[in-house]
Amino acid sequence: MGTCIIALILVCVVALSIRSIRKDRKEGKSAGCGGDCRHCGGCCHDIGGR
Amino acid sequence: MAVKIALAGNPNCGKTTLFNALTGSHQFVGNWPGVTIEKKEGKLKGYSDVTITDLPGIYSLSPYTPEEVVARTYLLQERPDAILNLVDGTNMERNLYLTTQLMELGIPVVVAVNMMDIVEKRGDQIQIHELGRRLGCEVVEISALKEKGIGKAAAKVVEVARKKEASVLFPVFPEEIEQSIRQTQAHLGDAVPEEQRRFYAVKLLEKDEKIAEQIGKAADLCAEITTLEELYDDDVESIFANERYGYIASVMQACYRKGSRENITLSDRIDGVVTNRWLALPIFAVVMFLVYYISVTTVGTWATDWVNDGLFGESWSLAGLAQVPGIPAAMESGLAAIGCADWLAGLILDGIVAGVGAVLGFVPQMLVLFLFLAFLESCGYMARVAFIMDRLFRRFGLSGKSFIPMLIGTGCGVPGIMASRTIENDRDRKMTIIATTFIPCGAKLPIIALIAGALFQGAWWVSPSAYFAGIAAIVCSGILLKKTRMFAGEPAPFVMELPAYHLPTAAAVLRSMWERGWSFIKKAGTVILLSTIIIWFTTYFGWVDGQFRMLEEMEINHSILALIGNTFAWLFLPLGFGDWKSAVAVITGLVAKENVVGTFGILFGFAQVAEDGAEYWGTLAENMTAVSAYSFLIFNLLCAPCFAAMGAIRREMNHRGWFWFAIGYQSLLAYVTSLCIYQIGTWVMTGVFGIGTLAAFLLLIGFGYLLLRPYPEARPLRGRKRRGRKALAIR
């Protein structure tokens with residue numbers, strides 16, 4: 001029972017992590033760079049006119 | 001009805017500070033020009049229907065730089081209801097040049113004279129009412145940093161936006177020019193809205209190619225332009241610029257009174273020392289040495305020791321009142337108590353806690369480093385460093401502008417690489433992209449701290465040397481690449497406005513530190529966590545006697561990860577870390593550099609990595625000598641960056657060949673440097689001269705030749721240029 005509960009929690013944590021990465025990606029942030037977008041000035045998408 | 005307000009002004013005049021104050025947002029504010037390179041939007045506090053757009057800092061509405069293109073396109077196409085033009089009160093004459101152009105757009109303008117506190121401190125006086133009368137618009141005085149007068153500025157701009165009455169007074173050019181403008185306006189007819197006709201007419205007369213392309217009537221103006229150029233014996237663009245400055249001079253004469261106080265400010269006095277020809281570089285070296293020494297070796301280590309020994313150790317003392325068990329100990333007993341299976345407990349304790357914990361253990365050191373960097377950036381010193389580095393960089397063909405991306409890269413390489421967009425010269429930009437990731441980013445700090453702490457017993461020189469190794473790699477790469485035909489050529493001139501020094505607010509510095517630190521923590525909870533799970537599975541599963549099964553601690557040499565590591569390990573033998581564990585750490589470091597530490601955390605056991613004590617890191621030390629550890633450190637600092645940064649390089653290079661050249665160059669430089677360090681270092685330490693030592697010396701001689709050979713002639717760069725990129729006209 002304990003194994004099932006912990007495995008379930010772990011699956012949830014992994015799912016939340018993946019969701020967070022996907023969400024950041026959709027918002028133009030890069031999970032790989034830590035989503036440090038305030039220093040980025042819109043680095044993950046094209047600047048207007050380019 | 002929804003109201004749109006644009007916030008426009010010169011670079012580093014305080015727009016983002018004002019934007020944050022007006023909207024309550026927390027956009028990054030840097031005390032150097034060029035922080036905002038795209039527009040940002042927010043709701044004006046207290047006015048739910050008012051949207052404010054922070055435009056990049058620009059000097060004019062001529063499309064010379066990407067920032068000017070972004071700002072002008074927005075103002076012409078989006079047509080905001082009003083413009084809040086922020087003017088630096090300490091540098092009015094230059095700032096009003098943009099104002100004279102904004103007034104021509106036919107959009108209501110409110111001028112906010114910023115930094116009034118400094119103006120008053122200097123004893124200068126600005127007659128605000130007279131300035132408003134002369135400019136023909138509302139003028140308010142504010143201090144964005146101290147949030148003085150911003151409410152009044154917001155109310156005024158909303159009021160004029162709702163009235164929709166554009167300013168009526170334009171900069172008065174001499175009659176001959178005004179006549180040409182009127183004739184051009186007549187040519188335009190209905191091609192542009194009436195209120196924008198003057199702006200378009202002036203731009204067409206200035207031979208603005210983009211506007212001419214848009215209107216398609218440029219050819220008609222040859223006669224007017226020739227007449228003006230003959231009359232003034234100058235090119236038409238200069239004629240307009242001179243007349244604008246003439247007009248501004250008359251406005252200044254009427255509105256600005258210079259105080260009787262001494263002209264040399266405190267900033268000037270400090271600059272006399274920190275930008276001194278001889279002292280500047282030694283001072284910079286001392287400052288960065290102290291930053292890394294304090295962050296990694298002293299204050300940061302004390303905090304990290306507590307995190308590693310207490311929070312992620314056995315237990316920690318709660319103010320001497322009680323012993324609180326550490327996270328691994330608490331989790332171990334918790335998992336045992338609920339009867340969790342051994343394999344799952346192993347995954348959580350030996351995988352996730354060991355891997356993520358090893359990375360998080362370095363958060364205090366990182367926060368201390370980010371605190372120092374935020375202070376140096378906010379107070380204005382880092383802007384001076386770009387100026388100081390210009391002297392050094394110019395010697396090998398780069399300009400100080402290339403240092404700005406490297407400066408940003410100390411937090412994370414990705415935005416650093418992206419910041420290279422502001423470099424107009426394509427060769428310089430490509431070189432900057434290649435070199436930016438040599439500066440240790442935040443993710444590399446745990447590797448530096450691990451090697452410095454675990455293998456050098458916290459020796460004072462290790463962490464600062466990592467930063468200076470990065471600078472040396474940039475300098476050497478600059479010289480080396482500039483001596484190839486691909487990159488040969490004079491560097492572009494570097495003009496940068498040095499902002500006045502100011503003491504940053506504690507809140508701003510702490511916020512900057514936290515934002516960067518939080519990014520790191522968030523990454524540990526996402527990318528690193530997923531990586532540690534994969535690393536654990538591949539470490540504890542493998543084939544023994546032809547059977548695939550879960551492995552015991554002693555059997556991990558048969559794991560999937562060992563199989564992968566052994567495939568590549570031979571490559572690193574000449575570098576001193578040819579075992580599969582180090583090879584795997586290098587490879588996982590490509591996902592995220594923190595993974596190097598996380599991988600060691602799993603493969604050597606968390607305690608061995610986290611602790612400084614000799615009794616704990618024996619396993620790691622068995623695999624590495626001090627020389628091979630330093631070689632490992634330098635290789636990881638200089639080699640190809642993480643995948644996110646590689647993606648940024650690919651996007652910015654916009655050419656597959658250039659991308660692979662950058663990655664190949666970085667990896668080769670890292671390999672050669674590490675090989676020389678290990679082989680020559682081992683020879684010095686042990687006196688054994690082998691074939692590897694000979695190879696290292698030959699490589700060193702070859703490297704020396706590439707650095708010292710003469711500069712060749714330049715040849716055109718191959719590869720696709722970025723769309724819309726255009727050479728910068730130096731004003």
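Proteins get letters first, then strands, A, B, ... in listed order; numbering begins at 1 in each. A quick note: this is a predicted structure, and the numbers were derived from the prediction, not measured.
Contact of B/I533 with chain A is made through the side chain alone, with heavy-atom distances under 4.5 Å. Contact of B/L335 with chain A is made through the side chain alone, with heavy-atom distances under 4.5 Å. Residue A/L16: no heavy atom, backbone or side chain, is found under 4.5 Å from chain B. For chain A, no part of B/I417 is nearby; none of its heavy atoms comes within less than 4.5 Å.
Put simply, the side chain of A/I18 does not reach to within 4.5 Å of the side chain of B/T526, judged on heavy atoms. The side-chain heavy atoms of A/T3 and B/I338, taken from C-beta on, include no pair separated by under 4.5 Å.
To the nearest 0.5 angstrom, A/S17 atom OG is 14.5 Å from B/K523 atom NZ.
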- Item | Residues B/I352, A/V13; criterion side-chain contact (heavy atoms from CB on, under 4.5 Å); working and verdict | CA-CA 11 Å; B/I352 296 169; A/V13 169; over 6 Å; no

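Between chain A and the residues B/L344, B/I528, B/L347, the most heavy-atom pairs under 4.5 angstrom are made by B/L344.
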